[in-house]
Amino acid sequence: MAWFRKKTELQALDTERLPRHVAVIMDGNGRWAKRRMQPRALGHRAGVEAMRAIIRESSDLGIEALSFYAFSTENWSRPAGEVGALMGLLVEFFGREIDELHANRVCIRILGDVDGMPKPQRGLLIEAMERTRKNTGLKLNLAINYGSRAEIIHAVRALAARVEKGELEPTGIDETTFVETLYTAGLPEVDLLIRTSGELRLSNFLLYQCAYAELVFTDILWPDFNVAAYHGALAAYQGRERRFGGRSPSL
């Protein structure tokens with residue numbers, strides 16, 4: 001199946017009011033598999049297929065950036081077999097899809113501690129970023145070995161090192177310099193955060209970047225989150241009044 005379909009009717013979405021940056025917490029793979037009395041690994045594999053469809057649709061819609069929470073720093077504590085299956089899926093995903101992604105001008109960025117990944121996966125992630133670095137299409141960000149608190153500490157340490165070297169005055173540290181030190185430097189702030197499976201929390205994902213994000217939670221398990229559900233989340237976003245701390249004009 002080709003990654004990028006021809007554009008179809010957008011189901012009443014206003015293409016002028018789409019979010020620039022959509023972030024997704026993909027939750028529910030394990031429960032999806034359990035309900036079918038299947039191994040958790042099959043749930044994760046089905047989750048990859050759902051991710052493919054949302055990447056494709058985001059590119060078709062012209063959304064600028066799409067970020068997935070793929071593997072957190074806390075996920076290393078899961079059973080070794082499950083972690084191994086997830087690492088294997090990473091190898092399979094990039095091995096199978098990188099040519100199509102690159103051909104469709106997708107720019108891949110890994111958010112997280114790439115150096116802390118196992119050697120085979122680390123090499124693939126670095127290669128994918130380098131190969132697609134100059135692409136001008138969808139900015140696809142995969143949070144792997146990622147935790148938002150760790151990201152913030154990493155940024156603080158980097159700024160402190162610049163001050164120590166005399167490259168930066170402490171008074172020169174402002175919101176702009178801080179944002180430029182995060183893994184997401186150069187990306188727009190998150191406009192819409194989607195979390196599946198009925199969980200109502202951020203789970204240490206893009207905490208700084210989601211300061212004014214619209215949040216959409218759905219009971220749908222991630223492997224069942226299809227393009228129609230995605231359009232529903234986008235429509236919900238378009239129905240919100242974004243005030244960024246200001247007061248509604250109607251009040």
Side-chain angles (χ1 to χ4, degrees), residues 3-5 7 10 13-26 48 50-72 93-94 97-98 100-112 114 125-126 128-148 151-152 154-155 175-176 178-196 202-216 222 225 227 229-238 240 242 244:
W3 268 72
F4 293 83
R5 303 184 279 100
K7 292 189 176 182
L10 299 183
L13 290 177
D14 182 351
T15 57
E16 300 299 318
R17 297 178 55 243
L18 290 168
R20 292 179 66 196
H21 187 173
V22 177
V24 184
I25 300 176
M26 305 177 289
V48 170
M51 186 174 72
R52 292 176 72 246
I54 301 308
I55 294 171
R56 183 171 61 235
E57 187 65 14
S58 297
S59 181
D60 284 351
L61 289 171
I63 287 172
E64 182 177 342
L66 177 65
S67 298
F68 287 106
Y69 204 4
F71 190 88
S72 76
F93 176 82
F94 283 105
E97 310 297 351
I98 188 63
E100 288 284 350
L101 288 166
H102 183 46
N104 286 281
R105 301 179 293 108
V106 172
C107 178
I108 297 170
R109 182 188 297 192
I110 305 303
L111 312 178
V114 175
L125 298 178
I126 293 171
M129 286 191 289
E130 182 58 30
R131 184 176 176 187
T132 63
R133 180 170 55 86
K134 296 181 180 179
N135 288 346
T136 58
L138 174 70
K139 296 177 176 66
L140 174 61
N141 312 297
L142 301 176
I144 298 173
N145 200 17
Y146 174 87
S148 186
E151 176 188 26
I152 290 170
H154 177 272
E175 187 170 334
T176 298
F178 183 76
V179 167
E180 289 173 349
T181 315
L182 295 172
Y183 293 133
T184 51
L187 295 173
E189 288 191 356
V190 176
D191 295 306
L192 169 63
L193 172 75
I194 302 168
R195 180 164 188 159
T196 58
L202 297 180
S203 296
N204 199 20
F205 183 49
L206 298 177
L207 301 179
Y208 190 91
Q209 298 88 336
C210 285
Y212 286 102
E214 298 297 324
L215 309 181
V216 171
W222 175 247
F225 190 84
V227 169
Y230 187 39
H231 276 226
L234 294 171
Y237 166 83
Q238 292 187 344
R240 307 278 179 88
R242 306 192 73 200
F244 299 95

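Here the structure is a predicted model, which is why all the values come from computation and not from measurement.
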Checking [X] now: which residues fulfil salt bridge (Lys or Arg N to Asp or Glu O under 4.0 Å) with it, not counting sequence neighbours?
X: E130; value: R133
X: R17; value: none
X: R242; value: D191, E214

- Hey, does the side chain of Y230 reach the backbone of A53 with a donor-acceptor pair shorter than 3.5 angstrom? no
- Backbone of I54 reached by a side-chain donor or acceptor of S58 within 3.5 Å: yes
- Query: Where do F178 and I152 land on the side-chain contact (heavy atoms from CB on, under 4.5 Å) test, with the steps shown first?
  - Reply: CA-CA 9 Å; F178 183 76; I152 290 170; 3.9 Å; yes
Once side chain to side chain donor-acceptor pair (under 3.5 Å) is applied, do any residues pair with [X], and if so which ones, sequence neighbours excluded?
X: Q238; value: none
X: T176; value: none
X: S67; value: H21, N141
X: Y146; value: E151

- With T132, which residues qualify under side-chain contact (heavy atoms from CB on, under 4.5 Å), at least two apart? I98, H102, I108, N135
- Check side-chain contact (heavy atoms from CB on, under 4.5 Å) between L215 and all other residues, then give those that pass, not counting sequence neighbours. L193, L202, A213, F217
Could you pull out the closest heavy-atom pair between [X] and [Y], with the gap in Å?
X: E64; Y: P188; answer: OE2-CD, 3.7 Å
X: C210; Y: F205; answer: SG-O, 4.4 Å
X: A185; Y: R109; answer: O-NH1, 2.7 Å

Using 0.5 Å steps for rounding, measure from the [atom1] atom of [X] to the [atom2] atom of [Y].
X: L111; Y: L187; atom1: CG; atom2: CG; answer: 7.0 Å
X: T15; Y: L234; atom1: OG1; atom2: CG; answer: 12.0 Å
X: K134; Y: T136; atom1: NZ; atom2: OG1; answer: 12.5 Å
X: L138; Y: E57; atom1: CG; atom2: CD; answer: 11.5 Å
X: E97; Y: R52; atom1: CD; atom2: CZ; answer: 4.5 Å
X: E180; Y: E175; atom1: CD; atom2: CD; answer: 11.0 Å

- Message: Quick check on side-chain contact (heavy atoms from CB on, under 4.5 Å): which of I144, V24, N204 does Y69 satisfy it with?
- Response: N204
Listed by chain and number, what are the ring pair (Phe, Tyr, Trp, His ring centres under 6.0 Å) partners of [X], not counting sequence neighbours?
X: F71; answer: W76
X: Y183; answer: H154
X: F94; answer: none

- Item | Any side-chain heavy-atom pair of V114 and M129 under 4.5 Å | yes
- Using a 4.5 Å cut-off on heavy atoms from C-beta on, say whether the side chain of W222 contacts that of I194. no
- Query: Under 3.5 Å, is there a donor-acceptor pair between the Y208 and T184 side chains?
  - Reply: no
